[in-house]
Novice: 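Take this structure first; my questions come after.
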Amino acid sequence: MGVIVGPRVIDAGTSLLSVLISPMPVAAGFPSPAQDYFDGRIDLNEHLIKDITSTYIVRVSGDSMEGAGISDGDELIVNRALEPRDGCVVVAVLDGELTVKRLRITPTGVVLQAENPAFADIRVPALSDLVIWGVATRCLHHV
């Protein structure tokens, strides 16, 4: 089960990162000697976060979401202002346990779906305490 280790709230006045940006796309084939300079800086907040006041970052533990491209140690950018919909990857608390799963809303009830065949989906019983903390919008994947 993918477990969340301590969400970090992003302060409204804090920049996630401001990094240099290349003026041209970088080829995945042969390198170009003309592309050895950078064009300035880019603020990743503008590209990764829509609403900084309702966004936080969590680190994923476990490999139950590998099929969705989310690996152990990755960090998820999670927006708690978004409405969780069928098919969204969510951070959920089920009976006091944190997990990252794909939300499935079916005619027979709610399912927290793993994206790894080694893990069973979690059918949420009617009397369970389920709270969706937020919807994952980006995965910061380590390479």
Side-chain angles (χ1 to χ4, degrees), residues 1-32 35-36 38-143:
M1 179 183 304
V3 178
I4 305 304
V5 179
R8 293 181 294 170
V9 176
I10 300 170
D11 295 326
T14 307
S15 176
L16 236 185
L17 283 176
S18 177
V19 295
L20 291 172
I21 184 170
S22 172
M24 306 170 137
V26 177
F30 295 102
S32 167
Q35 295 175 357
D36 60 352
F38 287 88
D39 196 33
R41 295 199 174 269
I42 182 172
D43 184 357
L44 292 179
N45 286 327
E46 293 176 21
H47 296 279
L48 300 177
I49 299 172
K50 291 184 181 179
D51 182 0
I52 200 157
T53 61
S54 61
T55 300
Y56 61 94
I57 294 176
V58 294
R59 180 167 292 134
V60 175
S61 173
D63 55 1
S64 71
M65 294 300 289
E66 281 187 347
I70 302 170
S71 301
D72 183 55
D74 287 352
E75 293 177 323
L76 297 178
I77 298 177
V78 180
N79 187 332
R80 61 180 171 227
L82 294 177
E83 181 180 339
R85 298 181 188 275
D86 181 59
C88 290
V89 173
V90 297
V91 176
V93 183
L94 178 61
D95 294 329
E97 298 287 326
L98 277 166
T99 188
V100 174
K101 295 288 182 278
R102 188 168 305 279
L103 179 67
R104 293 296 180 194
I105 302 170
T106 69
T108 59
V110 175
V111 176
L112 297 175
Q113 179 183 26
E115 292 283 344
N116 182 334
F119 293 84
D121 295 342
I122 302 168
R123 297 202 175 279
V124 179
L127 297 178
S128 292
D129 184 24
L130 175 65
V131 177
I132 304 296
W133 271 17
V135 176
T137 59
R138 298 278 191 265
C139 178
L140 305 177
H141 185 73
H142 300 270
V143 293

Novice: Kindly give the heavy-atom pair with the smallest separation between V91 and V78, and that separation in Å.
Specialist: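 V91 and V78 have their closest heavy atoms at CG2-CG2, 3.7 Å.
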Novice: In Å and rounded to the nearest 0.5 Å, what is the OG1 to CG distance from T99 to L94?
Specialist: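 Nearest 0.5 Å value for the OG1-CG distance: 8.5 Å.
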Novice: Restricting to side chain to side chain donor-acceptor pair (under 3.5 Å), what partner residues turn up for S71, sequence neighbours left out?
Specialist: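 Expected list: none.
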Novice: What's the spacing between L140 CG and L76 CG if we round to 0.5 Å?
Specialist: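 Rounded to the nearest 0.5 Å, the CG-CG separation comes to 8.0 Å.
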Novice: For E66, what residues pass the side chain to side chain donor-acceptor pair (under 3.5 Å) criterion, not counting sequence neighbours?
Specialist: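 E66 satisfies side chain to side chain donor-acceptor pair (under 3.5 Å) with no residue once adjacent residues are dropped.
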Novice: At their closest point, which heavy atom of V60 faces which heavy atom of G62, and how far apart are they?
Specialist: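 Looking at all heavy atoms of both residues, the shortest contact is CG1-O, 4.0 Å.
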Novice: Can you tell me how far apart CD (E83) and CD1 (I132) are? Round to the nearest 0.5 Å.
Specialist: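 It comes to 11.5 Å.
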Novice: Between atom CE of M65 and atom CG of D72, what is the distance when rounded to the nearest 0.5 Å?
Specialist: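 The CG atom of D72 is 13.5 Å from CE of M65, to the nearest 0.5 Å.
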Novice: Looking at every heavy atom in both D51 and A81, which two are closest together, and how far apart are they?
Specialist: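 Of all heavy-atom pairs spanning D51 and A81, the closest is OD2-CB, 4.3 Å.
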Novice: Which distance, rounded to the nearest 0.5 Å, do you find between the CG of N79 and the OH of Y56?
Specialist: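 Interatomic distance, N79 CG to Y56 OH, rounded to 0.5 Å: 9.0 Å.
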Novice: For a quick test of reading the model, state the closest non-hydrogen atom pair linking A68 to R102 and the distance between them.
Specialist: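 Reported closest heavy-atom pair: CB-NH2, 3.6 Å.
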Novice: For a quick test of reading the model, state the closest non-hydrogen atom pair linking V135 to P84 and the distance between them.
Specialist: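 Distance-wise, the nearest heavy atoms are CG2-CA, 3.8 Å.
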Novice: Mind checking what makes side chain to side chain donor-acceptor pair (under 3.5 Å) contact with D86, not counting sequence neighbours?
Specialist: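 Here no residue qualifies.
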Novice: Once side chain to side chain donor-acceptor pair (under 3.5 Å) is applied, what residue pairs with a partner in residues 134-143 remain, sequence neighbours excluded?
Specialist: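 Counting only pairs at least two positions apart or across chains, the side chain to side chain donor-acceptor pair (under 3.5 Å) contacts touching residues 134-143 are D74-H141.
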Novice: With sequence neighbours left out, which residue pairs that include part of residues 119-131 fulfil the salt bridge (Lys or Arg N to Asp or Glu O under 4.0 Å) condition?
Specialist: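 Those involving residues 119-131 do not exist here.
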Novice: Who passes side chain to side chain contact (heavy atoms under 4.5 Å, CB included) against V110, sequence neighbours left out?
Specialist: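 Partners of V110 under the side chain to side chain contact (heavy atoms under 4.5 Å, CB included) test: L103, V124, L130.
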Novice: To check you understand the geometry: which heavy-atom pair defines the closest contact between K101 and S64, and what is its length?
Specialist: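 The pair with the smallest heavy-atom distance is NZ-OG, 3.0 Å.
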